[in-house]
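Letters A, B, ... mirror the listed sequences (proteins, then strands); counts begin at 1.
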Amino acid sequence: MIIELIRQLINKIVLTNWPSIRLPKFTVEISKNSKHLDYASNISMILEGITKQSSNLIAKFIAEKLVADPRIELVDIVNPGFINIKVSNRILYQALNVAISKGSQYGVHESLGKSVLLEFVSANPTGPLHLGHARSAFMGDAISRILKASGYNVTKEFYINDVGNQIETLGNTIYARYMQLFGLNIKLKENAYPGEYIIDIARHLKEQDGDKWINRNDYLQRCIEIGIKENLENIQKVLNISGIEFDTWYSEKSLHDKGLIEAILNKYQELGVLYNADEAETGNKIRREDSQAAKFIINQEGGTFLKTSCFGDEEDRILVRKNGIPVYLVADIAYHKEKFDRKFDRIINIFGADHAGHVLKICACMRALGIDISNFEFLLVQMVHLLEDGKDIRLSKRSGKIISLEDFVNHVGADAARFIFLMKSPNTQFDFDLNIINSTSKDNLLYYIQYAHARIANITSKFKKIEKLQEDILEKLILPEEFNMIKKIDSYPEVVKLSALTLEPHRIFFFCKELVSEFHSYYTKYKYTEKIISDNYQLTQARIGLISAVRQVIFNSLNLLGITASESMYNK
RNA sequence: GCUCCCGUAGCUCAGAGGAUAGAGCGUUGGUUUCCUAAACCAAAGGUCAUAGGUUCGAAUCCUAUCGGGAGCGCCA
């Protein structure tokens with residue numbers, strides 16, 4: 001990686017000549033403007049602030065040292081102290097060879113020996129996954145691939161909320177549907193789940209148990225059991241067709257069974273961070289009167305509170321209701337404490353933006369346990385507004401029901417679904433018109449990229465796979481566009497790293513688009529004059545090697561996003 | 001009222017404090033006897049919401065205001 005090489009050269013110069021300072025953050029990047037040579041750094045302007053020397057002088061000094069290295073061909077200084085660098089062709093050729101020889105492993109970093117726990121989706125097992133789950137599902141999956149490629153050992157986890165009121169509602173709804181199957185006119189309760197999938201579950205219950213549960217009071221356990229089982233199977237099936245696989249499924253019920261709920265409460269008690277609402281002292285922030293929570297004031301009397309407001313939360317949170325039953329938050333605390341006990345180097349939660357309110361809460365609860373949360377990260381994924389012909393499609397037109405993820409993936413295809421939800425930064429909400437996936441022009445970035453892959457595959461298919469190019473062959477590559485593509489290819493591993501650091505898969509897409517655009521442009525510009533396949537054997541080999549590397553980088557990029565790259569667009 | 005995200009071209013969005021703010025769509029005009037035209041080239045289009053501040057330098061960081069979204073239950 002040439003950027004890394006230049007960075008290290010600069011590091012060394014700075015540390016030798018300003019031994020007393022701490023190495024500051026500075027940039028080395030591919031120059032955007034060809035006037036600025038190959039690479040550019042802002043180191044001297046940064047150093048100016050630290051050393052109080054003029055940035056132009058610093059730049060001059062560093063430039064002299066840099067140019068002494070045989071790998072640096074030319075250094076130019078531009079006001080107020082930009083250092084522009086032209087590197088030798090030789091290291092560019094070497095960089096290309098690295099990409100060619102690493103093949104599908106190009107961009108995959110060596111193991112860091114570090115582990116990440118990545119929790120995402122964690123949808124309640126009370127019904128099928130729907131469009132609202134799509135973005136965080138694909139985002140989590142892509143991030144896990146990117147983290148793996150940048151050297152982390154990743155565990156993808158799905159937390160199953162298999163306890164609580166919603167689960168009881170599920171059981172009761174199934175029972176009502178079950179009774180209806182026997183012609184008994186049981187009305188659904190107001191809060192019951194209306195979906196037809198419940199009827200299917202009830203039918204299966206009838207098939208398995210017959211009329212066993214008619215007019216009995218002890219049906220709930222059985223109904224919950226079959227409901228959770230079938231809903232989870234359905235969730236797994238949909239994840240499967242979407243190309244998403246989890247490593248661990250963590251049951252909330254298991255926390256209860258192991259007695260970890262009481263353990264948490266005891267621990268807080270020991271730490272002296274609990275108080276009883278009836279004995280609240282002045283300064284205890286039980287609730288904000290201006291919040292919407294105030295609407296529920298009638299139900300809010302008594303109970304045991306945790307002093308979360310002392311640990312960064314806006315207010316104290318109730319842990320145990322007046323009737324002695326802990327609220328769900330306690331299980332969530334127990335679950336997150338388990339995550340920390342399992343000793344991961346990074347713990348990442350991917351939440352939909354509608355769960356943003358939990359971030360402060362959970363962090364405060366962890367701090368109250370004395371846990372260091374510096375390796376605890378949240379990625380809040382914003383909503384996508386899907387349109388078709390300019391109309392909102394969040395709800396299906398016919399039934400008015402929420403569109404299932406299954407229907408959606410079957411409708412647009414897994415690749416397009418991933419593309420839609422991964423193409424933009426996770427923390428921007430955006431509009432997407434579904435008509436675009438049928439478009440055959442450049443607005444459909446997915447096809448644009450896949451087309452380039454197929455185009456190259458078609459050209460290179462006439463040649464043997466190249467493992468490595470000899471220097472005399474590489475030297476045939478002299479066009480500026482060829483050097484630019486090599487620089488781009490060379491920067492790919494950096495893009496993977498940055499994407500892992502920021503948890504932003506869309507960076508891979510944009511990088512890929514830029515590389516592809518350079519290729520198409522190159523291809524067209526020289527279509528009549530400097531063809532890739534020519535009578536000159538060595539030149540042809542060199543260019544086939546170059547575009548093979550471009551194809552490989554496209555392939556590897558799409559792979560990080562879980563998207564396939566086809567050899568041909570004709571038989572797609 | 002409070003918290004979080006966003007505000008960049010007509011539209012949809014990029015832009016980890018750097019040089020002349022970019023791309024696609026749309027608009028206008030060009031490129032196919034030739035390795036995939038699902039492509040390419042060019043033109044037009046901007047007070048980076050507003051006002052202050054920090055800095056050698058701000059779309060980017062800080063503060064305030066305005067506008068859009070999500071959330072603020074003893075539901076999970």
Side-chain angles (χ1 to χ4, degrees), chain A residues 25 27 29 31-33 35-36 40 42 45-46 48-49 54-55 78-82 84 122 124 126 161 163-167 169 191 252 277 287-297 299-303 314-315 317-323 325-329 331-332 352-361 380 382-383 385 423-433 436 439-445 447-448 450-452 454-460 462 498 501-502 504 506-507 509-510 513-514 517 520-525 527-528 531-534 547 568-570:
Chain A
K25 266 192 188 169
T27 58
E29 58 191 8
S31 302
K32 286 162 201 141
N33 188 325
K35 274 197 299 193
H36 301 148
N42 67 350
M45 281 93 80
I46 304 284
E48 183 185 52
S54 123
S55 56
V78 182
N79 264 325
F82 286 102
N84 296 325
S122 297
N124 285 343
T126 51
N161 294 116
V163 179
N165 287 341
Q166 297 190 3
I167 290 298
T169 303
N191 62 355
E252 178 185 346
R287 78 179 69 80
R288 302 185 312 275
E289 296 302 331
D290 53 358
S291 86
Q292 283 187 20
K295 288 183 198 161
F296 298 89
I297 201 160
N299 303 321
Q300 296 175 356
E301 285 171 357
E314 295 163 348
E315 60 187 5
R317 303 288 171 179
I318 187 156
L319 294 191
V320 185
R321 300 176 177 98
K322 194 182 182 183
N323 61 12
I325 299 172
V327 301
Y328 99 96
L329 180 62
D332 225 24
D354 53 340
H355 283 65
H358 295 283
V359 176
L360 268 186
K361 216 190 284 184
L380 292 174
Q382 300 294 321
M383 308 276 169
H385 191 197
M423 66 189 293
K424 309 289 186 192
S425 163
N427 54 8
T428 46
Q429 35 191 311
F430 67 96
D431 296 349
F432 187 88
D433 195 313
I436 288 176
S439 160
T440 54
S441 69
K442 205 173 171 179
D443 56 340
N444 186 349
L445 206 53
Y447 269 35
Y448 180 71
Q450 286 180 327
Y451 173 65
R455 198 180 214 186
I456 296 173
N458 179 58
I459 299 168
T460 57
K462 301 172 179 112
L498 180 59
L501 182 71
T502 56
E504 292 174 338
H506 74 285
R507 290 176 186 275
F509 252 123
F510 281 87
K513 188 208 76 180
E514 285 165 17
S517 172
H520 279 312
S521 184
Y522 165 74
Y523 176 93
T524 309
K525 178 171 177 185
K527 202 169 182 174
Y528 308 117
K531 293 180 66 167
I532 291 163
I533 301 171
S534 68
I547 66 167
S568 167
M569 299 302 273
Y570 292 137

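Ring planes of A:His358 and A:Tyr328: perpendicular class, angle over 60° (limits at 30 and 60°).
Formation of a donor-acceptor pair under 3.5 Å by the A:Ser55 side chain with backbone atoms of A:Met45 is not found in this model. For the pair A:Arg321 (side chain) and A:Gly303 (backbone), a donor-acceptor distance under 3.5 Å is absent. A donor-acceptor distance shorter than 3.5 angstrom exists from the side chain of A:Asn444 to the backbone of A:Ser439, with no hydrogens or angles considered. Side-chain atoms of A:Ser517 do not come within 3.5 Å of backbone N or O of A:Lys513 as any donor-acceptor pair. Side-chain N or O atoms of A:Asn124 include none that pairs as donor or acceptor with a backbone N or O of A:Thr126 at under 3.5 Å.
Within 4.0 Å of A:Glu252, counting heavy atoms only, lie sugar-phosphate atoms of the nucleic acid but no base atom. Nucleic acid contact for A:Asp433: none, since no nucleic acid atom lies under 4.0 Å from a heavy atom of the residue. Among the atoms of the strands shown, base atoms are found under 4.0 Å from some heavy atom of A:Phe82. When heavy atoms are screened at a 4.0 angstrom cut-off, A:His355 is found touching base atoms of the nucleic acid. Counting any heavy atom pair closer than 4.0 Å across all strands shown, A:Phe430 reaches sugar-phosphate atoms only and no base atom. Note on A:Asn165: only backbone sugar-phosphate atoms sit closer than 4.0 angstrom, heavy atoms only; bases stay farther off. Among the heavy atoms of the strands, none lies under 4.0 Å from A:Ile436. Within the nucleic acid shown, A:Ala40 comes within 4.0 Å of at least one base atom, counting heavy atoms only. Within 4.0 Å (heavy atoms only), A:Ser425 reaches sugar-phosphate atoms of the nucleic acid but no base atom. Using a 4.0 Å heavy-atom criterion, one finds that A:Val163 contacts the sugar-phosphate atoms exclusively.
OP1 or OP2 of B:C40 has at least one side-chain nitrogen or oxygen of A:Tyr448 nearer than 4.0 Å. Close to B:A76, at under 4.0 Å from its OP1 or OP2, lies no side-chain N or O of A:His358. Under 4.0 angstrom from either OP1 or OP2 of B:C72 there lies no side-chain N or O belonging to A:Arg317.
Ranked by how close their nearest RNA chain B nucleotide is to the 5' end, A:Lys322 and A:His520 are led by A:His520.
Rounded to an integer number of Å, the gap from NE2 of A:His506 to P of B:C13 is 13 Å. Here the C1' atom of nucleotide B:A14 and the CG atom of A:Asp431 are 16 Å apart, to the nearest Å. Computed from coordinates, the A:Lys25 NZ to B:C61 P distance equals 13 Å when rounded to whole Å. Summarising the geometry, the separation between NZ on A:Lys424 and C1' on B:G15 is reported as 13 Å, rounded to the nearest angstrom. If you measure from atom NZ of A:Lys361 to atom C1' of B:C72, you get 8 Å, rounded to the nearest angstrom. The distance between atom CD of A:Glu315 and atom C1' of B:C2, rounded to the nearest whole Å, is 10 Å. Atom pair A:Lys35:NZ and B:A19:P shows a separation of 13 Å (rounding to whole Å applied). A straight line from CD of A:Gln450 to P of B:A38 spans 15 Å, rounded to a whole angstrom.
Checked against side-chain hydrogen bond (donor to acceptor under 3.5 Å, both in side chains), A:Asn161 has the following partners two or more places apart in sequence or in another chain: A:Glu252. By the side-chain hydrogen bond (donor to acceptor under 3.5 Å, both in side chains) test, A:Glu29 is found to be paired with no residue, residues two or more places apart in sequence or in another chain being considered. Considering only residues two or more places apart in sequence or on other chains, A:Thr169 meets the side-chain contact (heavy atoms from CB on, under 4.5 Å) condition with A:Thr173, A:Asn191, A:Tyr193. By the side-chain contact (heavy atoms from CB on, under 4.5 Å) test, A:Ile318 pairs with A:Phe305, A:Val327, sequence neighbours left out. Scanning for side-chain contact (heavy atoms from CB on, under 4.5 Å) contacts around A:Thr428 gives A:Lys424, A:Ser425, with sequence neighbours left out. A:Lys361 is linked by a side-chain hydrogen bond (donor to acceptor under 3.5 Å, both in side chains) to nothing, counting only residues two or more places apart in sequence or in another chain. In this structure A:Lys525 satisfies the side-chain hydrogen bond (donor to acceptor under 3.5 Å, both in side chains) test together with A:Glu481, sequence neighbours excluded. For the salt bridge (charged side-chain N to carboxylate O under 4.0 Å, His left out) test, residues two or more places apart in sequence or in another chain that qualify with A:Arg507 are A:Glu504.
Separating the C1' atom of B:C48 from that of B:A58 is a span of 11 Å, rounded to the nearest Å. Between B:G7 and B:A39, the distance separating the two P atoms is 28 Å to the nearest Å. B:C6 sits 23 Å from B:A21 when the P atoms are compared, rounded to a whole Å. Taking the P atom of each, B:C35 and B:G29 are spaced 28 Å apart, rounded to whole Å. Going from the C1' atom of B:U47 to that of B:A43 covers 23 Å, rounded to whole Å. B:G17 and B:A59 have their C1' atoms separated by 11 Å, with the value rounded to a whole Å. Atom name P, nucleotides B:C75 and B:G18: the rounded distance is 48 Å, in whole Å. Between B:G1 and B:U65, the two P atoms lie 10 Å apart (nearest whole Å).
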| task | Using a 4.0 Å heavy-atom cut-off, write out nucleotides 3-8 of chain B from 5' to 3' as B (base contacted by protein), S (sugar-phosphate only) or - (no contact). | result | SSBS--

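Look at B:U32: its glycosidic torsion is within 90° of 0, and that puts it in the syn range.
Stacking is found between A:His36 and the pyrimidine-like six-membered ring of the B:A19 base under the 5.5 Å centre-distance and 30° plane-angle cut-offs.
Side-chain contact between A:Lys442 and A:Tyr447 is absent, with no heavy atoms from C-beta onward closer than 4.5 Å. Side-chain contact between A:Val320 and A:Ile325: absent, with no pair of heavy atoms (C-beta onward) separated by less than 4.5 Å.
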I'd like a table of atom pairs between the protein and nucleotides 32-36 of chain B - only N or O on both sides, under 3.5 Å - with the distance next to each one.
unit_1, atom_1, unit_2, atom_2, d
B:C34, O2', A:Lys531, NZ, 3.1
B:C34, N4, A:Tyr528, OH, 3.0
B:C35, O2', A:Lys462, NZ, 3.1
B:C35, O2, A:Ile533, N, 3.3
B:C35, N3, A:Ile532, N, 3.2
B:U36, OP1, A:Asn458, ND2, 2.2
B:U36, OP2, A:Asn458, ND2, 2.6
B:U36, O2', A:Tyr451, OH, 2.1
B:U36, O2', A:Arg455, NE, 2.8
B:U36, O2, A:Tyr570, OH, 2.9
B:U36, O4, A:Ala454, O, 3.4

Considering only nitrogen or oxygen atoms on both sides, find all protein atoms under 3.5 Å from nucleotides 23-26 of chain B and state each distance.
unit_1, atom_1, unit_2, atom_2, d
B:A23, O2', A:Lys513, NZ, 3.1
B:G24, OP1, A:Lys442, NZ, 3.4
B:G24, O2', A:Asp443, N, 3.2

| task | Return one dot-bracket line describing RNA chain B 5' to 3' (Watson-Crick or G-U wobble pairs, both distances under 3.5 Å; ( ) same strand, [ ] crossing, | another strand, . none). | result | ((((((((.[[[[.)..(...]]]].(((((.......))))).....[[[[[..)....]]]]])))))))....

